[in-house]
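Order of the sequence lines fixes the chain letters, A, B, ..., with proteins taken first and strands second; residue numbering starts at 1 for each chain.
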Amino acid sequence: KQEVTQIPAALSVPEGENLVLNCSFTDSAIYNLQWFRQDPGKGLTSLLLIQSSQREQTSGRLNASLDKSSGRSTLYIAASQPGDSATYLCAVRRSNYQLIWGAGTKLIIKP
Amino acid sequence: DAGVIQSPRHEVTEMGQEVTLRCKPISGHNSLFWYRQTMMRGLELLIYFNNNVPIDDSGMPEDRFSAKMPNASFSTLKIQPSEPRDSAVYFCASSSLRDRGTGNTEAFFGQGTRLTVV
């Protein structure tokens, strides 16, 4: 059974710091992995999608990596800003439609 | 495209009443998902449609829940009768599985409907 874990559950860092969010999964047989952002009371915004054959994806200050063999993905945020404060969720696609979700990391960037 | 559109954004109803949530997926997407999010259980997949056909409804909690997709541009999730424990945020998401050859199955979410049953 695929399980997705995100550690830490919450993280608070000063503005300007680079930071890494972690996502681990138990079954390496995945189609892809997707990182989402959720602001309080809002929907989920897709940030990055990494296919199972890829090692990383970049979008602006965000870089996501994928290591299937070790069952890990990281989301790197460079030069963090208060506007980055949100909950970040990772989800792995284990079949053509099933997304298995982590519980999320609540990130607070202090001005 | 305006993205996945859900209505209403907020719904407050009394226990026992019928609730209908609506979703318009992204045009051209052939897969639609209904999720429920609570603090206790996180995101749970309720039902998945592909080409308007329900493929997996194993996540639907009880017979009080039903979902339909009469056409490619509209879906409803109905709760009848509603109960306080149904209070949650309900999300609709869509994706395109036509590109399965390239593996591009990114999911796009609506803003959600916050349901409160009192």
Side-chain angles (χ1 to χ4, degrees), chain A residues 1-7 9-10 23 25 28-59 62 64 66 68 73 75 86-106, chain B residues 2-7 9-10 21 23 26 29-51 53-59 88-116:
Chain A
K1 179 186 174 185
Q2 178 72 275
E3 293 182 358
V4 179
T5 304
Q6 291 186 248
I7 295 174
C23 174
F25 47 96
S28 62
I30 65 172
Y31 275 59
N32 57 46
L33 183 145
Q34 200 166 350
W35 281 94
F36 293 85
R37 167 185 174 140
Q38 185 173 29
D39 293 278
K42 299 292 178 69
L44 288 87
T45 301
S46 177
L47 297 174
L48 289 164
L49 171 72
I50 312 179
Q51 304 298 343
S52 62
S53 59
Q54 296 175 326
R55 296 300 296 263
E56 65 178 344
Q57 283 287 333
T58 298
S59 175
L62 304 180
L66 176 64
K68 274 180 46 178
S73 176
L75 179 66
T87 296
Y88 291 79
L89 297 108
C90 73
V92 300
R93 187 178 295 279
R94 71 170 187 191
S95 69
N96 63 346
Y97 66 90
Q98 276 277 17
L99 278 175
I100 311 298
W101 295 85
T105 295
K106 184 175 182 179
Chain B
V4 177
I5 299 173
Q6 291 185 247
S7 64
R9 290 293 310 276
H10 302 273
L21 311 181
C23 175
I26 292 174
H29 281 188
N30 62 346
S31 294
L32 184 138
F33 310 81
W34 281 101
Y35 286 90
R36 178 171 67 177
Q37 186 179 39
T38 60
M39 288 291 291
M40 293 294 294
R41 301 171 70 94
L43 273 158
E44 303 172 278
L45 177 65
L46 300 177
I47 188 168
Y48 157 65
F49 290 89
N50 184 246
N51 293 325
V53 177
I55 304 299
D56 182 355
D57 65 355
S58 60
V89 181
Y90 290 81
F91 287 105
C92 176
S94 71
S95 66
S96 170
L97 294 187
R98 292 194 183 93
D99 294 331
R100 216 164 10 144
T102 64
N104 182 12
T105 55
E106 188 171 2
F108 296 87
F109 281 72
Q111 290 296 297
T113 295
R114 181 173 295 276
L115 174 65
T116 303

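- Looking at heavy atoms from C-beta onward, A:K42 lies in side-chain contact with B:Q111 at the 4.5 angstrom threshold.
- Heavy-atom minimum distance, A:A86 versus A:D39: CB-OD1, 3.7 Å.
- At a 4.5 Å heavy-atom cutoff, the contact between B:L43 and chain A is made by backbone and side-chain atoms alike.
- Of the two parts of B:E44, neither the backbone nor the side chain holds a non-hydrogen atom closer than 4.5 Å to a non-hydrogen atom of chain A.
- A perpendicular orientation is assigned to the rings of B:Y35 and A:W101, their planes being inclined by more than 60° (bins at 30° and 60°).
- Of the two parts of B:A107, the backbone and the side chain both hold a non-hydrogen atom closer than 4.5 Å to a non-hydrogen atom of chain A.
- Side-chain contact between B:L32 and B:C23 is present, with at least one heavy-atom pair separated by less than 4.5 Å.
- Residue B:R9 touches chain A through its side chain alone, counting heavy-atom pairs closer than 4.5 Å.
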